[in-house]
Student: 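Dumping the structure here so I can ask a few things about it.
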Amino acid sequence: MAMQRIGPRRNNILFSLAAPFTVILNIVALQNTMSFIEITGCILVFIGVVIAISYGNSRKNNDHRWELIEGSIKFGILFGILAALCQAVGLIIMKPILDKGADPIASAAIRTSISAILLSFSYVSITNLKGANENFSINTIIKTIISGFLGMALGMSLLLIALKNGDAGIVATLSSTSPIMILFLLWFLTKKKPSLGAWLGTIIAIIGTSLIFIN
């Protein structure tokens with residue numbers, strides 16, 4: 001819902017808040033301690049991601065349809081922050097379960113199944129009943145299935161495996177670097193070189209990640 005209103009770039013900036021949310025909840029709720037170097041690394045990664053996304057697009061692309069704001073920007077920002085908070089709370093809830101021996105793949109299957117059931121209700125929403133899905137082609141459905149498999153099934157499984165074997169705050173911080181990877185994937189696909197801000201943000205994020213792993 002946030003992406004629909006404010007576009008993927010702005011949405012990714014807000015969703016990267018999941019990392020600091022998780023770090024704070026990890027310390028407060030799970031009472032896990034992090035070293036100064038780890039906290040510094042997490043902060044640098046977060047700052048790097050925000051810079052890379054904020055200044056990742058050149059001015060020539062500012063008029064792209066993905067940059068347009070549709071509907072209320074206030075609701076878009078609110079939904080983006082809530083999504084990040086929900087992601088953080090979800091990871092914090094899962095951490096003790098995985099620590100007790102729960103299988104990450106089975107846990108991911110349960111999470112994905114629940115999501116599929118609840119999201120199915122959106123298909124019969126008032127908006128969709130008015131014909132919002134008339135343009136759904138076979139090609140669109142196939143791409144959606146592939147996206148769901150890579151993001152929700154494979155991606156979520158790998159995230160829970162990492163969560164089982166690592167600190168929740170650090171895992172969330174590392175997973176928040178995915179928007180930076182998207183910038184360079186777009187470079188490969190569109191042949192448009194990322195801006196200086198994207199490079200600067202990436203370098204800062206790499207330094208932060210290095211501090212985490214060195215520690």
Side-chain angles (χ1 to χ4, degrees), residues 1-30 39 42-57 61-95 111-133 135-136 144 147-148 150-152 155-156 159-160 163 168-183 186 197-198 201 204-205:
M1 293 169 70
M3 186 181 297
Q4 182 184 39
R5 285 165 173 76
I6 61 178
R9 185 176 63 85
R10 298 182 185 91
N11 179 67
N12 276 331
I13 296 175
L14 294 175
F15 194 70
S16 65
L17 289 172
F21 284 159
T22 305
V23 171
I24 294 172
L25 290 174
N26 184 45
I27 296 174
V28 175
L30 300 183
I39 293 177
C42 290
I43 293 174
L44 287 176
V45 171
F46 173 69
I47 293 175
V49 170
V50 172
I51 292 176
I53 302 172
S54 299
Y55 303 101
N57 285 354
N61 296 328
N62 285 340
D63 58 348
H64 194 279
R65 63 185 182 88
W66 289 351
E67 291 295 311
L68 298 178
I69 296 177
E70 300 180 8
S72 172
I73 187 173
K74 294 181 180 178
F75 280 110
I77 293 174
L78 176 63
F79 293 150
I81 294 175
L82 286 177
L85 180 60
C86 288
Q87 171 76 352
V89 173
L91 290 179
I92 294 300
I93 292 175
M94 281 301 304
K95 180 58 177 174
R111 285 163 59 99
T112 305
S113 299
I114 295 298
S115 298
I117 293 172
L118 294 178
L119 285 171
S120 296
F121 289 105
S122 67
Y123 184 80
V124 293
S125 66
I126 296 177
T127 302
N128 289 333
L129 287 177
K130 292 180 179 180
N133 294 319
N135 296 325
F136 269 24
T144 304
S147 172
L150 293 176
M152 293 302 299
M156 186 57 63
L159 179 65
L160 293 186
L163 186 63
I170 292 177
V171 170
T173 301
L174 294 176
S175 66
S176 71
T177 59
S178 59
I180 293 180
M181 302 177 192
I182 292 175
L183 288 175
L186 289 175
I204 294 175

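This chain uses plain numbering: 1 for the first residue, then up along the sequence.
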Student: State, to 0.1 Å, how close A88 and A18 come at their nearest heavy-atom pair, and which atoms those are.
Tutor: CB-O, 3.8 Å
Student: What heavy-atom pair brings N26 and A168 nearest, and what distance separates the two atoms?
Tutor: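 Of all heavy-atom pairs spanning N26 and A168, the closest is OD1-CB, 3.8 Å.
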Student: Which of these, L85, I92, L91, V89, sits in a side-chain contact (heavy atoms from CB on, under 4.5 Å) with F21?
Tutor: L85
Student: OG1 of T22 to NZ of K95: how many Å apart, nearest 0.5 Å?
Tutor: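 T22 atom OG1 to K95 atom NZ measures 12.0 Å (nearest 0.5 Å).
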Student: Of all the heavy-atom pairs spanning L17 and I81, show the shortest one and how long it is.
Tutor: CD1-CG1, 4.1 Å
Student: Out of curiosity, I51 CD1 to F46 CZ, how far, rounded to the nearest 0.5 Å?
Tutor: 10.5 Å
Student: With the side chain counted from C-beta on, respond yes when L163 and L159 share a heavy-atom pair under 4.5 Å apart, and no when they do not.
Tutor: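 Side-chain contact under 4.5 Å: no.
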Student: Out of I204, V49, T173, which one pairs with L44 under the side-chain contact (heavy atoms from CB on, under 4.5 Å) rule?
Tutor: I204
Student: If you take all heavy atoms of F15 and A83, which pair is closest and at what distance?
Tutor: CE1-O, 3.7 Å
Student: Closest approach of C42 and G169, non-hydrogen atoms and distance?
Tutor: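 The pair with the smallest heavy-atom distance is SG-O, 4.4 Å.
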Student: For the atom pair OG (S113) and CE (M152), what is the distance rounded to the nearest 0.5 Å?
Tutor: 10.0 Å
Student: If I compare all heavy atoms of V45 with all of S176, which pair ends up nearest, and what's the gap?
Tutor: CG1-OG, 4.1 Å
Student: When you compare the side chain of M1 with that of L82, does any pair of heavy atoms fall below 4.5 Å?
Tutor: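 Of all side-chain heavy-atom pairs linking M1 with L82, none is under 4.5 Å.
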Student: CD1 of I170 to CD1 of I39: how many Å apart, nearest 0.5 Å?
Tutor: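 If I round to the nearest 0.5 Å, the distance is 9.5 Å.
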